[in-house]
2 protein chains.
Amino acid sequence: MQRKTGQREAIKRAIREAERPVGPLEIRDLAEAYSPGVGIATIYRTVKSLLETGWLAPVEIPGGPTLYELAAKPHHHHFHCRECGKVFEVHGCAGHFQKMTPPGFQLEGHEVILRGLCDQCSAKSKVPQAS
Amino acid sequence: MQRKTGQREAIKRAIREAERPVGPLEIRDLAEAYSPGVGIATIYRTVKSLLETGWLAPVEIPGGPTLYELAAKPHHHHFHCRECGKVFEVHGCAGHFQKMTPPGFQLEGHEVILRGLCDQCSAKSKVPQAS
DNA sequence: GGCAAATTGATAAGCCGTTATCAGGTGCGG
DNA sequence: CCGCACCTGATAACGGCTTATCAATTTGCC
């Protein structure tokens, strides 16, 4: 039987409050506030079980570890900042993907990844030395 | 000085003839026809130098090795078959990505990955036992 | 409280793509 | 056709992310 432990609650809370896709290491850092000393193995174990229950959804970004976000989100895509490496949610989906699909191919889904600078990194690069 | 070797020619020819993004292992298999016994280390070395010369471009697909394609191609995107795992080129780019970019973010590029079944796998799943 | 089973944390081990190493082979300028 | 610098192939080593192991701890039902 699945027990309710402080660690699991801390991990769920950390992911919920991140408000953007996060990886295992970042989850641990965030969960640290609610469950000090939580081990990385627990993060992986818990993430795995949360994926199985459908509470979490994986977000795969090339060149990095798999990130995770709440599964109960409407259709959206992601913005990958080349500076800080963080991934953000972007809303809307402007695309006509069926038109791009070659004849004979069955389109089942799509992924859009925008790349560039997030708001914070964009501001920093414009004003290298802050006030 | 960069020499002209049979292996390098074989690798370039293999990639040129693949007509879709290919990974190191697949490059080796294809190059095998033109340079039997070519080693995987040579593939990696050659790919690296071809990237530096701008002849090749990397194609990063989540959950797999980096693929490579000829750099001299017009803007396009990719279709990832969930059955055979191969990646195909798709032409056109129907999207309004600037509209999706959050305020303060700087959009520099985008990636679109369509997922589903390629023509061959699609045909197979419809007719499991061929004629 | 008490106990069995689930959970945890530290760490070893595994996995996979990639790179380094090095002895032997080879293109090419002279 | 010589010789050396470059290239090659086999394989070991590497780096990162993830999973397995296991003793110690904790949860939840009685």
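So that the names make sense, note that chain A is the first sequence line, chain B the second, and so on, each numbered from 1. Computed from a prediction, not measured in an experiment: that's the story for all the values here.
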Quiz prompt | B/S/- contact track for nucleotides 23-30 of chain C, protein heavy atom under 4.0 Å | solution = ---BBS--

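Judged as a salt bridge (Lys or Arg N to Asp or Glu O under 4.0 Å), the pairs with a partner in residues 94-115 of chain B (not counting sequence neighbours) are, in order, A:Arg82-B:Glu108. Legend: ring-ring contact (aromatic ring centres under 6.0 Å, His included) pairs involving residues 96-118 of chain B, not counting sequence neighbours, sorted by first then second residue: A:Phe79-B:Phe105, A:Phe88-B:Phe105, B:His75-B:His110, B:His77-B:His110, B:Phe97-B:His110.
The side-chain heavy atoms of B:Thr66 and B:Val59, taken from C-beta on, include no pair separated by under 4.5 Å.
A salt bridge is absent between B:Glu32 and B:Arg28; no separation between the charged side-chain nitrogens and carboxylate oxygens falls under 4.0 Å. With salt bridges taken as basic N to acidic carboxylate O contacts below 4.0 Å, one links A:Arg20 and A:Glu26.
Using modelled atom types and a 3.5 Å distance limit, the side chains of B:His76 and B:Glu69 yield a donor-acceptor pair. Counting only N and O atoms by type, the side chains of B:Gln7 and B:Ser35 include no donor and acceptor under 3.5 Å apart.
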Practice problem: Please assess B:Glu89 against B:His91 for the test side-chain contact (heavy atoms from CB on, under 4.5 Å), listing each intermediate value before the final yes or no. | Solution: CA-CA 7 Å; B:Glu89 232 178 273; B:His91 305 95; 3.3 Å; yes

Quiz item: Given A:Lys48 and A:Glu52, is the salt bridge (Lys or Arg N to Asp or Glu O under 4.0 Å) satisfied, shown in steps?
Solution: CA-CA 6 Å; A:Lys48 194 175 190 178; A:Glu52 285 165 359; 5.4 Å; no

Self-check item: B:Lys12 vs B:Arg16, side-chain contact (heavy atoms from CB on, under 4.5 Å): CA-CA, chis, key distance, verdict
Solution: CA-CA 6 Å; B:Lys12 290 172 73 173; B:Arg16 226 183 286 117; 3.9 Å; yes

Quiz item: Does the side-chain contact (heavy atoms from CB on, under 4.5 Å) test come out yes or no for B:Leu114 and B:His80, once each step is laid out?
Solution: CA-CA 6 Å; B:Leu114 305 183; B:His80 185 195; over 6 Å; no

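Phosphate proximity of C:dT18 to B:Thr66: present, with a side-chain N or O under 4.0 Å from OP1 or OP2.
Listed for the A:Thr46 side chain is a donor-acceptor partner under 3.5 Å among the backbone atoms of A:Thr42.
Protein chain A contacts DNA chain D from D:dC17 to D:dG28, reading 5' to 3' and using non-hydrogen atoms of the protein with a distance under 4.0 Å.
Residues from residues 42-62 of chain A placing a heavy atom under 4.0 Å of any atom in DNA chain C, listed by number, are A:Thr42, A:Arg45. Of the residues in residues 24-39 of chain A, A:Gly37, A:Val38, A:Gly39 come within less than 4.0 Å of DNA chain C through at least one heavy atom, sorted by number.
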